[in-house]
Protein chains: 2
Amino acid sequence: MTREDGKSGAARMRDVARMAQVSTMTVSRALTDPAKVSPDVRARVAEAVRAVGYVPNKLAGSLSSSRSRIIGLVVPSIENSLFASTVQGISDVLRRHDHQLMIADSGYSMEAEEAAIRAFLEQRVAGLILHDTTHTPAAVEMIRRSGVPVVENGTLVPDPLDMVVSYSNQDASRAMTLHLARLGYRRIGFVSLHAATNARSRDRQLGYRAALEEAGLPFEPALMLEMPGGLASGAEALLRLMEGPVVPDAIFFAGDVLAMGASLECARRGWPVPGKVAIAAFDNFDLLGHLVPPVTTLKLPRLEIGRRSAEVLLDRIQGRASGPLAVDLRFEIIHRAST
Amino acid sequence: MTREDGKSGAARMRDVARMAQVSTMTVSRALTDPAKVSPDVRARVAEAVRAVGYVPNKLAGSLSSSRSRIIGLVVPSIENSLFASTVQGISDVLRRHDHQLMIADSGYSMEAEEAAIRAFLEQRVAGLILHDTTHTPAAVEMIRRSGVPVVENGTLVPDPLDMVVSYSNQDASRAMTLHLARLGYRRIGFVSLHAATNARSRDRQLGYRAALEEAGLPFEPALMLEMPGGLASGAEALLRLMEGPVVPDAIFFAGDVLAMGASLECARRGWPVPGKVAIAAFDNFDLLGHLVPPVTTLKLPRLEIGRRSAEVLLDRIQGRASGPLAVDLRFEIIHRAST
DNA sequence: TTGTAAGCGTTATCAT
DNA sequence: ATGATAACGCTTACAA
């Protein structure tokens, strides 16, 4: 396409201004705050915008106003469906408030997270949402200096950077373990992801041990396992525990799709659940309710975490709130036939 | 924090320049193309950057150079795990090439897609990736005028906007249907999502019917169903077909998690698979291989679609390629015990 | 209600 | 190898 002045390229605000016979400032007002402009001018501007196919340049706008409508999000893994609901929640709220989402993936590495945070700050994002709660010192320093508001939502940390929106992994794990104890199970196995690299797993282990103590059950090291995530890994954990020195009467799988893998392995071997061993899961995958038998699990507020994170961030950005903030969202136990 | 001149706020390039005793232009060169600058200057700039905690402002950079390193992606649903692998693939490649990803969600609506595209163009993205292949006329017009390169990857469309990276939904559906016919099944049911709103489902229906004809099997309208996605929906589809006027000996579930729901329903009812009815799925969810019996399915190049989309887009952006392009990625049939 | 002028923080371009 | 100057396209601040 070609503009009337013969130059090619995208139309700029001054092309619109010229056509509508007003200044660029008036065009700017007509677009961002129509009430500030006379109806006549508003109409002429709208018509000119249409005629030249004007698409505002937000880079220029943001540079000039020192305000952007972009939120940066770092998750450990985009592919992991657990994070997907949270991202969906964030996206829903942002869209309603006319903000954009930039997303990056740390691959569970703090260094990659730091790189992503730097890239976001370079884009002058209006806010950050970080799934993880442990960061490199450099990342923390950059965020501090930038003054950009941040929400963390991996777990309820005691010393947040700024705001936290999550549920308590420790409480949830404790609640499920107590639930099993109350049902009469005495040798409760526990399988999680590696705690050394994962604050969430650490909290879940703490909750498990706290519950054992509370229920007056001894802690058996042989009943606690750390595994990578995945279906096959869940099956393997099941077998290892069942063939170990202390045979559990129930196993709580506090990580990823481990419980699903274990449940399917029981089905393959024809082991009755909970006759041979009871199985409990940590996350509310739809599927857990459709297995045979359906699996007891925790219902975690994944979508809600996303929504609330976006909301508190926007509140802060738009000056409706200030200061640290911790939102402790609630979880539920969904009791099913597997326990 | 406070800068040496007493002003507060983020450090700018001129703060770095002043401290390193060079011009901003030299700082700019030292950062973007270090080879163009003497080793001495390079070191002084690096030191100054560190000292003031300088984070470059890419908004200003992009405005000035008319180049951005942001790619916009629109998917129908962020939450849907099928798209998650593709997003992961895109993200992997972009990170390696120092580009950023903006993501938006159309909720399967063309109008929402148009809004997302407009927002991306306002941010002056360097390229677009659209999962869907049908767009509003306004969206098409905007993209055309902007000159921004685009990749579509929902299905292999005959009339792409620009570039396409996908597999052929029609071929894949045809291949699986023929596979079932070759195994000796004569009354092959077919369940997909609603074709009216989904180009992918349309293509899959076409493939199914083409295969029937090729195999010399009659098309039975009663054997073809359209359902919403979801586990429960798959179970319902199974029951409807099994209780319908023409009882299938095999069912091909060409949508979402429908096959999983159906397989689990068979398990609940104790129906032997494939004794009572054979089941085939369309997508390679990990889980399908772990069900009892494991389910025959198509292995689709989800991750690869993401990677290649990002690659062809970057090739175009960086001037290594031009003109339309269609990448037809390959799928495989994974034969398992359910058929 | 509308306009003018001066930036926002970079990079392109042309000098030296 | 380095620097001066003028954009990039918009908004802020002030003026009329």
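Within every chain, numbering begins at 1; the chains are lettered A, B, ... in the order of the sequence lines, protein sequences first and strands thereafter. This is a predicted model, so every value here is computed, not measured.
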Using heavy atoms to find the nearest nucleotide of DNA chain D for B/Lys36 and B/Leu63 separately, return the residue whose nucleotide is more 5′.
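Its nucleotide being nearer the 5' end, the pick is B/Lys36.
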Interatomic distance, [X] [atom1] vs [N] [atom2] [rounded to whole Å]:
X        : N      : atom1 : atom2 : answer
A/Gln21  : C/dT1  : CD    : C1'   : 17 Å
A/Glu122 : C/dG9  : CD    : C1'   : 13 Å
B/Arg18  : C/dT10 : CZ    : P     : 12 Å
B/Arg12  : C/dT10 : CZ    : C1'   : 12 Å
A/Asp33  : C/dT1  : CG    : C1'   : 13 Å

For DNA chain D, note the earliest and the latest nucleotide, 5' to 3', having some atom under 4.0 Å of a heavy atom belonging to chain B.
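First-to-last contact on DNA chain D, by the 4.0 Å heavy-atom rule, is D/dA1 to D/dG9.
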[X]: partners by side-chain contact (heavy atoms from CB on, under 4.5 Å), with sequence neighbours left out:
X        : value
A/Glu47  : A/Arg50, A/Ala51
B/Ser64  : none
B/Asp159 : B/Val157
A/Thr136 : A/Met110, A/Glu111, A/Glu114, A/Ala138, A/Ala139

Please name all residues satisfying side-chain hydrogen bond (donor to acceptor under 3.5 Å, both in side chains) with A/Ser309, sequence neighbours left out, ordered by chain then number.
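A/Asn153.
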Got a sec, which residues hit side-chain hydrogen bond (donor to acceptor under 3.5 Å, both in side chains) with A/His135, two or more places apart in sequence or on another chain?
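Checked A/His135 against side-chain hydrogen bond (donor to acceptor under 3.5 Å, both in side chains); matches are A/Glu113, A/Glu152.
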Under the ring pair (Phe, Tyr, Trp, His ring centres under 6.0 Å) test, residues paired with A/Phe83 that sit two or more places apart:
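Listed in chain order: A/His131.
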Which part of the nucleic acid does B/Ser66 contact within heavy-atom distance under 4.0 Å: base, sugar-phosphate only, or nothing?
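Nothing, no nucleic acid heavy atom in range.
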Between protein and nucleic acid, restricted to nucleotides 11-15 of chain C and to nitrogen or oxygen atoms under 3.5 Å apart, what atom pairs and distances do you find?
| unit_1 | atom_1 | unit_2 | atom_2 | d |
| --- | --- | --- | --- | --- |
| C/dT11 | OP2 | B/Ser28 | OG | 2.3 |
| C/dT11 | O4' | B/Ser64 | OG | 2.7 |
| C/dT11 | O2 | B/Ser64 | OG | 3.4 |
| C/dA12 | OP1 | B/Arg67 | NH2 | 2.5 |

Do A/Asn57 and B/Leu63 make a side-chain contact, defined as non-hydrogen atoms from C-beta onward lying under 4.5 Å apart?
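The answer is yes; the side chains approach within 4.5 Å.
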Give every donor-acceptor pair under 3.5 Å between a side-chain atom in residues 116-124 of chain B and any protein atom, sequence neighbours left out.
| unit_1 | atom_1 | unit_2 | atom_2 | d |
| --- | --- | --- | --- | --- |
| B/Arg124 | NH1 | A/Val55 | O | 3.3 |
| B/Arg124 | NH1 | A/Pro56 | O | 3.2 |
| B/Arg124 | NH1 | B/Leu121 | O | 2.8 |
| B/Arg124 | NH2 | A/Val55 | O | 2.8 |

Walk me through it: do B/Thr26 and B/Ser23 pass the test side-chain hydrogen bond (donor to acceptor under 3.5 Å, both in side chains)?
CA-CA 5 Å; B/Thr26 298; B/Ser23 69; 3.3 Å; yes
Bending between helix ends of the helix from C/dT1-D/dA16 to C/dT16-D/dA1 [5 pairs per end, 10° resolution]
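End-to-end axis angle for the helix from C/dT1-D/dA16 to C/dT16-D/dA1: 30°, rounded to 10°.
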Name all residues meeting the salt bridge (Lys or Arg N to Asp or Glu O under 4.0 Å) criterion together with A/Arg69; count only those two or more places apart in sequence or in a different chain, and write none if there are none.
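A/Arg69: salt bridge (Lys or Arg N to Asp or Glu O under 4.0 Å) contacts with A/Asp98.
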